[in-house]
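Here is how names work: the chains are called A, B, and so on, in the same order as the sequence lines, proteins then strands, and each is numbered from 1. Since the model is a prediction, treat every value here as computed from it, not as a measurement.
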Protein chains: 2
Amino acid sequence: MAMRKPPSRPTIAEIAKQSGVSAGAVSYALNGRPGVSDETRKRILEVAREVGWVPSTAARALRGGGTATLGLVITREPDVLGIEPFFMSFVAGIEKVISARGYALLLQVTPDPERELQTYREWWSARRVDGIFVTDLAIDDQRLPIINEIGLPVVVVGDPAFSDGLPAVGSDDAAAANAAMERLAELGHKRVAHIAGPERFVHTHVRSDAMARAGERLGIQVVAEVNTDYSVAAGTAACHQLLDGANPPTAMVFDNDLTAIGAVRAATGRGVEVPGQLSVLAWDDSPLCELTVPALSALSRDVSAYGADAATMLLNVVNGSAEVKSVRSSVARLVDRGTLGPAPR
Amino acid sequence: MAMRKPPSRPTIAEIAKQSGVSAGAVSYALNGRPGVSDETRKRILEVAREVGWVPSTAARALRGGGTATLGLVITREPDVLGIEPFFMSFVAGIEKVISARGYALLLQVTPDPERELQTYREWWSARRVDGIFVTDLAIDDQRLPIINEIGLPVVVVGDPAFSDGLPAVGSDDAAAANAAMERLAELGHKRVAHIAGPERFVHTHVRSDAMARAGERLGIQVVAEVNTDYSVAAGTAACHQLLDGANPPTAMVFDNDLTAIGAVRAATGRGVEVPGQLSVLAWDDSPLCELTVPALSALSRDVSAYGADAATMLLNVVNGSAEVKSVRSSVARLVDRGTLGPAPR
DNA sequence: TGTCACTACTCAATCGATTAAGCATACGAA
DNA sequence: TTCGTATGCTTAATCGATTGAGTAGTGACA
C-alpha cells in the first residue's frame with residue numbers, strides 16, 4: 001500500500017520565511033492593512049499566491065474572528081425530507097450568496113425541536129458557526145427567546161411580525177392571496193375552500209387571514225378552513241369531505257402542492273372534472289406540479305432567491321452592518337397550468 | 001434597542017479556576033486520560049457539566065486534532081436540485097450517523113466540477129473538513145487523482161471497481177438488474193428496452209452491462225440502449241421513438257424515475273395502455289413514483305441507509321480505523337406498483 | 001545638531017485545548 | 001534511614017493568525 005504524503009498546507013510563517021519578513025508583516029500584507037511598503041506587500045502576495053495559501057479558519061475562529069460558517073438546522077423526519085423540494089432549493093440559494101463571500105454552510109438534520117435547540121447551543125459554545133437560519137416559524141415559537149438568550153446571530157425565515165423582534169425575511173403571502181382570489185373572482189368563483197397546513201405554523205395563520213380578507217373584499221365566500229399535515233392523503237380526504245358536503249365549493253386553494261395533488265386525484269377519481277367542475281390551486285409550487293395531469297396551477301415562489309435573500313441578511317447581521325431591517329422578500333406569482341377554470345353554473 | 005449580552009462560552013481555563021486545578025489537569029479529566037485522581041476527575045466533570053462546557057472545535061482543529069466536520073459538495077444547477085430527492089435523503093442518512101458522533105456536515109452546492117475541486121482544495125488548506133464524500137462518480141473521473149494528490153480523506157459514493165483504489169460504497173446494480181429481468185422474464189417479456197442515463201456516469205455503464213448479461217442469461221433481448229439526461233422530456237421522446245420503431249419492445253426499464261414518468265405519459269397519451277400493452281420500470285425510486293397514475297413500479301433503494309453506510313465508512317477512514325474496505329452496500333428491491341404486467345401477445 | 005514625525009517593520013501576547021516534560025509528595029522496599 | 005518509583009499534579013510549548021506595543025531608520029525642519 002503506497003504511503004500518501006499529504007502536501008503541507010502553507011501557513012503565514014512559511015510565507016514569512018520565503019519573503020524574508022516577519023509573520024506580522026505577512027498578516028498586514030494579506031489583509032490589506034497599512035504597515036508594509038507597497039513593494040513588500042506585492043512580494044508577499046506573490047509568494048502567497050505561489051504556495052497557494054488559504055487562511056486557517058480554525059486559527060481565525062480561535063482569535064475570535066469568526067468561522068466563516070453559517071448554520072441551518074432542518075427539523076424533519078429523514079423520509080419526509082426527500083419529497084420536500086423546498087429545502088434543497090433554499091439551500092442552493094443560500095449557497096449562491098455565501099460561497100461567493102467565502103462562507104460555508106453547516107447543515108444538520110434533527111428529528112425534533114428539542115435537539116434542534118441543543119444543536120444551536122453546541123454550535124455556539126464550540127464556535128462552529130457565526131450565525132444561523134431559523135425556518136418553520138411557529139406561533140409563539142419557543143425557539144426564538146432561547147436563541148435570543150444564547151446571543152446567536154440569526155435570521156428568521158418567516159413573517160417578520162412573528163419573529164419576536166429578530167431580523168426576518170418573509171414572503172408576502174397577503175399579496176399572493178390577493179392575486180389568487182382576484183383570479184378566482186375573474187373566473188366567477190363565489191365559493192372557495194382553503195385547505196391550510198398545520199395550525200402551529202405562522203404562515204398557516206397569515207395565509208388564512210389573507211384569504212379571508214381578500215374574499216371579503218372581492219365578494220367571495222371562503223367556505224371552509226381545513227388544517228392538514230401537508231400529505232397527499234390529507235389532500236385526498238379534504239377534497240372528498242368538501243365535495244360530499246352540502247353546497248360544495250367551486251374552487252379549492254391548498255397550502256402546498258402535495259395536498260393539491262391528492263385533491264385533484266380524488267376529484268377526477270370520483271368523476272369531478274378538473275378544472276371543468278372544480279378549480280384547484282396550490283400555494284407552494286414545485287416541479288411536482290408540472291408532472292401531474294392536468295398540470296397543477298400554483299402560486300410560485302422563487303425559493304432559491306428566497307434563500308439568497310435570507311443569506312444576504314444573515315451576512316449583514318453577522319458582520320454587524322448597521323441595523324438589519326426585516327423584509328418581506330419573496331413574492332409568489334400565479335402560474336396557471338391547467339387546473340383553473342371558470343366557475344361552473 | 002436592548003443590548004444583548006452574549007453569555008460567555010465556558011473554556012477549560014474557567015473550569016480549571018472553579019475546580020482549583022490547572023488547565024492541563026482539566027484536559028486530562030475531560031478526555032478520560034490518566035493523570036488525575038478519581039476524586040479530582042469527578043469534581044472536574046461535575047463543574048464542566050454545570051457550566052455547560054463544549055470543546056472549542058477551532059482550538060482542537062488548530063492543534064491538528066481534526067475539525068469534527070465532513071464535507072459534501074453537490075455539483076448541480078440550483079433549479080435541478082429541487083426535484084432530485086436523492087441528495088436530501090442521502091444527507092439525512094449521513095446526518096443520522098455523524099451527528100450521533102459529534103460530527104457536522106459542511107455542504108456546498110457548486111455549478112461545475114471545476115469549482116467542486118476548488119472547494120476541496122480550499123477546505124483542505126483551511127482545515128475545514130476532516131474528510132469528504134464524492135458523488136456522481138464518472139468514467140475516468142478527473143477528480144479522483146486530484147483528491148488523492150491533495151491527500152484529503154475520502155469515501156467515493158459509487159461502484160468500488162471505478163474508484164481508483166479509493167474506499168467506496170456502491171449499490172449492487174447487477175443484483176437489481178437480475179431482479180428486474182427475472183420479473184420481466186416471469187411476465188413473459190422477450191423484448192426489453194433499456195433507457196439509460198448520461199454516458200459519463202459509472203453507474204450508467206454498470207447498469208447497461210448488468211442488463212445485457214441478465215438478458216443473455218434469461219433469454220431476453222435488450223433491444224435498445226438509449227442515453228438520456230434524466231429529464232421527463234427525454235423519457236417522453238425515448239418512448240415515442242421506441243414505439244415508432246419496427247418491432248417495439250414490450251417493456252422498458254428506465255435509469256431514473258423522471259424519464260419513466262415521461263414515458264408513461266407518452267404511452268398513455270398515444271393510446272398505448274400501461275401496463276396492458278407496455279410495462280414500465282424505473283430504476284431509482286422516489287416519492288414521485290407513488291404520485292403518478294398508474295403508480296410507477298421501481299427498483300427501490302434505501303437512500304438514507306446508503307448515506308448512513310457512506311458516513312460510517314468515512315468516519316472509519318478519518319479515524320484511521322485499520323484498513324477500510326470498499327463495499328456494495330445498497331441493494332435495490334423491486335417494488336411493483338402497477339406498471340408491470342404480462343407481455344402482450 | 002537635536003528632535004519630531006513618520007514609515008516599515010519586528011516582537012510578543014492572545015485565542016482554547018492538548019501534551020511532553022518537570023516536580024513535589026507519599027509510600028514501599030532494602 | 002535512604003533510595004527508588006508511582007501518583008497527581010503543574011508548567012510551558014504548540015497549533016496559525018492577528019494586533020497592540022515597541023523599535024530601527026529616514027527625512028524634515030528649527
- prompt: B/Gln108 side chain to B/Leu106 main-chain N or O, any donor-acceptor pair under 3.5 Å?
  reply: no

- prompt: With respect to the phosphate group of C/dA8, does any side-chain polar atom (N or O) of A/Thr40 fall under 4.0 Å of OP1 or OP2?
  reply: no

message: So, does B/Arg63 get its side chain near the phosphate of C/dT19, meaning an N or O under 4.0 Å from OP1 or OP2?
response: no

query: Which is true for A/Ser27 with a 4.0 Å heavy-atom rule: it touches a base, it touches only sugar-phosphate, or it touches nothing?
result: base

query: Counting distance only, does the side-chain N/O of B/Asp141 pair as donor-acceptor with the main-chain N or O of B/Ala138 below 3.5 Å?
result: yes

statement: Between B/Gly24 and B/Ala58, whichever has its closest DNA chain C nucleotide further toward 5' is B/Ala58

- line: Comparing B/Ser22 with A/Leu30, nearest DNA chain D nucleotide closer to 5' gives the residue B/Ser22

message: So that I can tick it off, tell me whether B/Glu46 and B/Arg49 are bridged by a salt bridge, with the cut-off set at under 4.0 angstrom between side-chain N and carboxylate O.
response: yes

- request: Write down the distance between CD1 (B/Ile12) and P (C/dT19), rounded to a whole number of angstrom.
  value: 11 Å

- request: Take the protein atom OH of A/Tyr28 and the nucleotide atom P of C/dC11, then report the distance between them rounded to whole Å.
  value: 13 Å

- request: Drop me the distance from A/Arg41's CZ to A/Ser19's OG, to the nearest 0.5 angstrom.
  value: 13.0 Å

message: Taking any heavy-atom pair under 4.0 Å as a contact, classify B/Val26: base, sugar-phosphate, or nothing.
response: nothing

- prompt: Earliest and latest nucleotide of DNA chain D, 5' to 3', sitting under 4.0 Å from a non-hydrogen atom of chain B?
  reply: D/dG8 to D/dG16

query: Between A/Leu62 (CG) and C/dA17 (P), how many Å, whole number?
result: 9 Å

- prompt: Any chance CD of B/Glu114 has more than 12 other-residue heavy atoms, nucleotides or ligands included, within less than 6.0 Å?
  reply: no

field: Gap between atoms CZ and P, on A/Arg33 and C/dT10 respectively (whole Å)
entry: 16 Å

- prompt: Okay, side chain of A/Asn148, backbone of A/Leu144: is any donor-acceptor separation there less than 3.5 Å?
  reply: no

message: I'd like to know if the side chain of B/Asn31 and the backbone of B/Arg33 have a donor-acceptor N/O pair within less than 3.5 Å.
response: no

query: Looking for any heavy atom pair under 4.0 Å, which part of the strands does B/Gly35 touch: base, sugar-phosphate only, or nothing?
result: base

